[in-house]
Enquirer: 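Supplied in structure tokens, the structure appears directly below.
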Number of protein chains: 2
Amino acid sequence: MEWDVAEKPDQPERISEAEQAVMEALWQRSPLTAQEVCEEVCGPRGWSLNTVKTLLSRLVAKQAVATEPDGKRFLYTPRIARSDYVGTESRRLVDRLFGGRAAPLFAHLAQAEALTPDDIAEIEALLKELKS
Amino acid sequence: MEWDVAEKPDQPERISEAEQAVMEALWQRSPLTAQEVCEEVCGPRGWSLNTVKTLLSRLVAKQAVATEPDGKRFLYTPRIARSDYVGTESRRLVDRLFGGRAAPLFAHLAQAEALTPDDIAEIEALLKELKS
DNA sequence: CTCCATCGTTTACACTCGTAATCGACTACG
DNA sequence: CGTAGTCGATTACGAGTGTAAACGATGGAG
């Protein structure tokens with residue numbers, strides 16, 4: 001009997017910080033083998049190849065990356081766009097810390113002097129464009 | 001013998017999301033008893049008083065809140081300012097996702113239409129002030 | 001055909017987080 | 001004086017994370 005399997009609405013599972021490092025490698029260039037990912041990230045983070053493999057598996061489980069067999073090994077490709085990831089992460093922060101309003105975040109960054117003159121110029125340009 | 005205890009440079013321990021909810025209550029008004037904190041947060045989050053007490057203990061351990069005995073019970077007060085917390089959290093995000101530059105974050109928010117006209121006006125005002 | 005390097009998979013293990021139940025001390029009520 | 005409520009402290013426990021070793025298949029070098 002085929003009973004209704006209530007497919008979970010597939011809300012995108014959270015990607016952890018270590019996992020993100022792996023995603024960054026794949027966002028930069030893909031598909032990659034586990035080896036290649038390791039060449040990108042093992043050095044900076046001091047990881048072993050095994051660690052990368054674990055992270056890749058978890059990302060596959062989370063449906064964040066896709067695998068494609070290539071002979072003996074696998075090629076890994078991101079299934080979610082970096083911009084999407086960045087989007088939900090920034091939104092989370094803005095919600096959590098600034099009641100969902102972006103302006104206070106901006107105000108905070110400004111006050112904390114986290115804005116370089118370049119940033120300011122860039123933002124001004126963006127604003128001009130937004131208003132047009 | 002008194003040997004050198006290498007006091008760890010007391011890098012501020014991370015505050016988790018649940019813990020933040022408790023901090024928010026204390027930032028709004030303090031000092032508070034565990035009871036009072038619970039009155040603020042247990043409803044919205046569906047927590048038990050015990051949960052709040054656990055979170056408070058952890059925050060005390062993390063040196064994020066201070067305790068002051070008040071007869072039988074304790075009064076809890078934040079030891080870190082909300083603006084500091086907000087600061088490090090936003091910085092983390094900007095570092096993690098935008099290479100430390102604030103402008104790309106702004107660009108992203110703009111593109112994602114996460115900016116209301118009000119936000120834009122507010123930011124313009126801020127910019128004007130920054131330039132003066 | 002054998003053996004080693006290499007894959008992906010499975011298992012491991014300590015630590016944090018979310019969410020509490022339980023415990024021992026104390027106090028206020030009867 | 002006993003006892004029920006209340007406090008903070010201790011313990012619990014499953015899920016997720018960071019980090020990896022161990023395992024089993026397999027393909028290529030002799």
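Just so it is clear, the model here is predicted, and its values are computed rather than measured. Chain identifiers are assigned alphabetically (A, B, ...) following the order of the sequence lines, protein sequences preceding nucleic acid strands; residue numbering begins at 1 within each chain.
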Enquirer: Salt bridge check: are B:Arg92 and A:Glu17 linked by an N-O gap of less than 4.0 Å?
Expert: yes
Enquirer: Calculate the interatomic distance between A:Asp70 atom CG and D:dG27 atom C1'; express it in whole Å.
Expert: 14 Å
Enquirer: Do the side-chain N and O atoms of B:Glu24 and B:Gln28 include a donor-acceptor pair separated by under 3.5 angstrom?
Expert: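 Their side chains do not contain a donor-acceptor pair, so the 3.5 Å distance test is not met.
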Enquirer: Search all heavy atoms of B:Glu40 against all heavy atoms of B:Arg29 and return the closest pair with its distance.
Expert: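 Smallest interatomic distance, heavy atoms only, reads OE2-NH2, 4.0 Å.
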Enquirer: For the side chain of A:Glu68 and the backbone of A:Pro31, is there at least one donor-acceptor N/O pair under 3.5 Å apart?
Expert: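 No: the side chain of A:Glu68 does not pair with the backbone of A:Pro31.
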Enquirer: Distances under 3.5 Å only, N/O to N/O: pair up the protein atoms with those of nucleotides 14-24 of chain D.
Expert:
unit_1: D:dT17; atom_1: OP2; unit_2: A:Lys62; atom_2: NZ; d: 3.2
unit_1: D:dG18; atom_1: OP1; unit_2: A:Ala18; atom_2: N; d: 3.3
unit_1: D:dG18; atom_1: OP2; unit_2: A:Ser16; atom_2: OG; d: 2.4
unit_1: D:dG18; atom_1: N7; unit_2: A:Arg58; atom_2: NH1; d: 2.9
unit_1: D:dG18; atom_1: O6; unit_2: A:Arg58; atom_2: NH2; d: 3.2
unit_1: D:dT19; atom_1: OP2; unit_2: A:Trp47; atom_2: NE1; d: 2.7
unit_1: D:dT19; atom_1: O4; unit_2: A:Arg58; atom_2: NH2; d: 3.0
unit_1: D:dA20; atom_1: OP2; unit_2: A:Ser48; atom_2: N; d: 3.3
unit_1: D:dA20; atom_1: OP2; unit_2: A:Thr51; atom_2: OG1; d: 3.0
unit_1: D:dA20; atom_1: O5'; unit_2: A:Thr51; atom_2: OG1; d: 3.4
unit_1: D:dA20; atom_1: N7; unit_2: A:Thr54; atom_2: OG1; d: 3.0
unit_1: D:dA20; atom_1: N6; unit_2: A:Thr54; atom_2: OG1; d: 2.7
unit_1: D:dA21; atom_1: N7; unit_2: A:Asn50; atom_2: ND2; d: 3.1

Enquirer: What is the first contacted nucleotide of DNA chain C and what is the last, in 5' to 3' order, if contact means an atom lying under 4.0 angstrom from a heavy atom of chain A?
Expert: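 Under 4.0 Å from chain A, the extent on DNA chain C is C:dT6 to C:dA12.
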Enquirer: Give me the atom names and distance for the closest heavy-atom approach of B:Gln20 to B:Ile15.
Expert: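 For B:Gln20 versus B:Ile15, the nearest heavy atoms are N-CG2, 3.7 Å.
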Enquirer: What is the separation between atom CG on B:Leu56 and atom P on D:dG8, rounded to the nearest whole Å?
Expert: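 Computing the B:Leu56:CG to D:dG8:P distance gives 8 Å.
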Enquirer: Could you tell me which non-hydrogen atom of B:Val65 sits nearest to which non-hydrogen atom of B:Leu56, and how far apart they are?
Expert: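 It is CG2-O, 4.4 Å.
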Enquirer: Work out which heavy atom in A:Gly100 is nearest to a heavy atom in A:Arg91; give both atom names and the distance.
Expert: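 In terms of heavy atoms, the two residues are closest at O-NH1, 4.2 Å.
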Enquirer: If you measure from the Lys or Arg side-chain nitrogens to the Asp or Glu carboxylate oxygens, is any gap between B:Arg14 and B:Glu89 under 4.0 Å?
Expert: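 Looking at B:Arg14 and B:Glu89, the cut-off is met.
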Enquirer: Looking at residues 24-42 of chain B, who's got a heavy atom less than 4.0 Å off DNA chain D?
Expert: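 The answer is B:Ala34, B:Gln35.
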Enquirer: Backbone N or O of B:Leu97 within a donor-acceptor pair of the A:Arg82 side chain at under 3.5 Å?
Expert: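 Yes; at least one donor-acceptor contact below 3.5 Å.
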Enquirer: Using whole Å, report how far NZ of B:Lys72 lies from P of D:dG5.
Expert: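 One finds 13 Å between P of D:dG5 and NZ of B:Lys72, rounded.
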Enquirer: How close or far is atom P of D:dC7 from atom CG of B:Leu75, stated in whole angstroms?
Expert: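 From B:Leu75 CG to D:dC7 P: 12 Å.
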Enquirer: Could you report the tightest heavy-atom contact between B:Ala66 and B:Arg79, atom names first, then the distance?
Expert: N-CG, 3.3 Å
